[in-house]
Chemist: 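What follows is a single structure, and I will ask about it in a moment.
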Amino acid sequence: DSLALWDILLDLGFAADGLYVGLGIGDYSDASAAYARDFATRRGVHLVEIDVPTEYGFDIAGGAMAARRVPCSACCLSKRHLFNQAATDGGYQVVATGHNLDDEAAVLFGNVLRWDTAYLGRQLPVLPASHGFAKKVKPLVRLSERETAAYCLLSGIDYIVEECPMAEGNKHLGYKEALNQVEVQSPGSKAAFYFTFVDRVSARFTPEADSEREGLHPCSGCGSPTTGELCAFCKLAAKATGGSGR
């Protein structure tokens, strides 16, 4: 999805750099990095690379264990932080990610099951810049995973096919499978579920999301916006490294 999005943005004339975050997941991370570098070389574009084990002293497995989180939780937390940090530090106007319809519908399903109102208030295809957060856009939300895979195949874009080895048992994958079953019985359900929420319901949760961002101040560790002394990523790094941090 990420490589498909990068390719599309470049073809549309956007000055888009890529960002690869190495999470220390063995051969999977190595293979992912190789595909990203090969694409950047072929298109003659710039790839920003962040290697979490090298730059922060821990990998996702170690961070998850130390923080008593499931690996996917530690991974998502880290990527959200590092994507925003890279954008603000690099002076980029927008962070564009390759989330597709299957991703967004599954996340929405999970957030609704938990009635996580703050997350529901932020689950939109476009989030404007605010409070030290870069603008975020998800241009591929109307496309399914199969459609983005087909685009890569037709465009000659090589990408890693295997699921992350640490994703086994991930609730997100279970939500995807449940929605796929609904989609088989009622085609178009995923799009109706997500876009009806965006068009008719999301605004009801906006105040809850906005209230979470009141009182934000710079993290004492990295300067990112947070409500406490340390942001969630710096807390994770501190636990994973025994307090040594970066």
Chemist: Does a sphere of radius 6.0 Å around CZ in R204 hold more than 12 heavy atoms from other residues, nucleotides or ligands, not counting ones at 6.0 Å or beyond?
Modeler: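 Count not over threshold, so no.
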Chemist: Apply the test side-chain hydrogen bond (donor to acceptor under 3.5 Å, both in side chains) to residues N180 and K190: give CA-CA distance (whole Å), side-chain angles for both, the deciding distance (0.1 Å), then the verdict.
Modeler: CA-CA 8 Å; N180 285 340; K190 281 187 280 192; 2.7 Å; yes
Chemist: Spell out, as yes or no, whether a donor-acceptor pair under 3.5 Å connects the side chain of E55 to the backbone of I50.
Modeler: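 No.
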Chemist: Name the atoms and distances for all side-chain donor-acceptor pairs under 3.5 Å in residues 64-75, with sequence neighbours left out.
Modeler:
{"from": "R69", "atom 1": "NH1", "to": "S73", "atom 2": "OG", "distance (Å)": "2.6"}

Chemist: What is the distance from atom OH of Y151 to atom CG of L3, rounded to the nearest 0.5 Å?
Modeler: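 Rounded to the nearest 0.5 Å, the OH-CG separation comes out at 10.5 Å.
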Chemist: What distance separates L143 CG from H99 NE2, expressed to the nearest 0.5 Å?
Modeler: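 Reported value, rounded in 0.5 Å steps: 14.0 Å.
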Chemist: Got more than 12 heavy atoms from elsewhere within 6.0 Å of CG, D27?
Modeler: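 No, CG of D27 has 12 or fewer neighbouring heavy atoms, counting only those of other groups under 6.0 Å.
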Chemist: Are any side-chain N or O atoms of T196 and backbone N or O atoms of A192, one a donor and one an acceptor, separated by less than 3.5 Å?
Modeler: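 Side chain of T196 to backbone of A192: a pair is present.
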Chemist: When rounded to the nearest 0.5 angstrom, what distance separates CG in L23 from CZ in F58?
Modeler: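 If I round to the nearest 0.5 Å, the distance is 9.0 Å.
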Chemist: Report the C-alpha separation of D59 and V52 in whole Å, then their side-chain angles, then the decisive distance to 0.1 Å, and conclude whether the side-chain contact (heavy atoms from CB on, under 4.5 Å) test is met.
Modeler: CA-CA 6 Å; D59 58 23; V52 174; over 6 Å; no
Chemist: Transitively linked via ILVMFWY side-chain contacts under 4.5 Å: L82 with Y92?
Modeler: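 They do share one cluster, since a chain of ILVMFWY contacts under 4.5 Å joins L82 to Y92.
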Chemist: Could you check whether any side-chain N or O of T148 sits under 3.5 Å from a backbone N or O of E145, counting only pairs where one atom can act as donor and the other as acceptor?
Modeler: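 Between the backbone of E145 and the side chain of T148 there is a qualifying donor-acceptor contact (under 3.5 Å).
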Chemist: Write down the atom of K136, the atom of N84, and the distance for their closest heavy-atom approach.
Modeler: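 Closest approach of K136 to N84: NZ-OD1, 3.5 Å.
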Chemist: If you compare all heavy atoms of L5 against all heavy atoms of G98, which two are closest, and at what distance to 0.1 Å?
Modeler: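 For L5 versus G98, the nearest heavy atoms are CD2-N, 3.7 Å.
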Chemist: Just how far is it from atom CG of D1 to atom SG of C152, taken to the nearest 0.5 Å?
Modeler: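 With rounding to 0.5 Å, CG (D1) is 7.5 Å from SG (C152).
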Chemist: To the nearest 0.5 Å, how far apart are CZ in R146 and CG in N100?
Modeler: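 Rounded to the nearest 0.5 Å, the CZ-CG separation comes to 12.5 Å.
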Chemist: Please assess S202 against Q123 for the test side-chain hydrogen bond (donor to acceptor under 3.5 Å, both in side chains), listing each intermediate value before the final yes or no.
Modeler: CA-CA 8 Å; S202 62; Q123 195 180 344; over 6 Å; no
Chemist: Kindly state each residue pair satisfying ring-ring contact (aromatic ring centres under 6.0 Å, His included) with at least one member in residues 5-51, sequence neighbours excluded.
Modeler: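 Pairs touching residues 5-51 that pass the test: W6-F39.
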Chemist: If you look at every heavy atom in D102 and S144, which pair is closest and at what distance?
Modeler: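 It is OD1-CA, 3.2 Å.
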Chemist: Side chain of S220, backbone of E229: donor and acceptor closer than 3.5 Å?
Modeler: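 Yes, the answer is positive, given that a donor and an acceptor are paired below the 3.5 Å cut-off.
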Chemist: Starting from the C-alpha separation in whole Å, work towards a yes-or-no answer on side-chain contact (heavy atoms from CB on, under 4.5 Å) for K135 and S130.
Modeler: CA-CA 8 Å; K135 180 178 181 180; S130 66; over 6 Å; no
Chemist: Are the charged groups of K176 and D103 less than 4.0 angstrom apart, N to O?
Modeler: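 Yes, K176 and D103 are salt-bridged.
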Chemist: Look up atom CD in Q181 and atom CD in Q185, then write down how far apart they are to the nearest 0.5 Å.
Modeler: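 The CD atom of Q181 sits 7.5 Å away from the CD atom of Q185.
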Chemist: What are the two closest heavy atoms between C219 and C231, and how far apart are they?
Modeler: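 The answer is SG-N, 3.2 Å.
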Chemist: Would you say that S78 contacts V21 through its side chain, given a criterion of any heavy-atom pair below 4.5 Å between the two side chains?
Modeler: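 Result no, sub-4.5 Å side-chain heavy-atom pair not found.
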Chemist: Should side-chain heavy atoms under 4.5 Å link Ile, Leu, Val, Met, Phe, Trp and Tyr, which residues sit in the same cluster as V198?
Modeler: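 Answer for V198: L101, L108, F109, V112, L113, W115, L120, L124, L127, V141, Y175, L179, F193, Y194, F195, F197, V201, F205.
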Chemist: So which heavy atom on L140 is nearest to which on I8, and how close?
Modeler: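 Answer, listing the atom of L140 first, then I8: CD2-CD1, 4.0 Å.
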Chemist: Using 4.0 Å as the upper bound for N to carboxylate O, is an ion pair formed by R142 and E147?
Modeler: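 Judged by the 4.0 Å cut-off on N to carboxylate O distance, E147 and R142 do not form a salt bridge.
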Chemist: Does T54 reach the main-chain N or O of D51 with its side chain, forming a donor-acceptor pair under 3.5 Å?
Modeler: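 No, T54 side chain to D51 backbone: no donor-acceptor pair under 3.5 Å.
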Chemist: Taking NZ, NE, NH1 and NH2 as the nitrogens, is one of them in D38 or R43 under 4.0 Å from a carboxylate oxygen of the other?
Modeler: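 Salt bridge: no.
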Chemist: Can you tell me if CZ on R200 sees more than 12 non-hydrogen neighbours from other groups inside 6.0 Å?
Modeler: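 Atom CZ in R200 is not packed in, count stays at 12 or less.
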Chemist: Apply side-chain contact (heavy atoms from CB on, under 4.5 Å) to the pair Y159 and L153, showing each step before the final yes or no.
Modeler: CA-CA 9 Å; Y159 63 95; L153 179 63; over 6 Å; no
Chemist: Could you tell me which non-hydrogen atom of C234 sits nearest to which non-hydrogen atom of L230, and how far apart they are?
Modeler: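 The pair with the smallest heavy-atom distance is CB-CD2, 4.1 Å.
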Chemist: Is a side-chain N or O of E183 found less than 3.5 angstrom from the main chain of S189, in a donor-acceptor match?
Modeler: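 Answer holds: yes.
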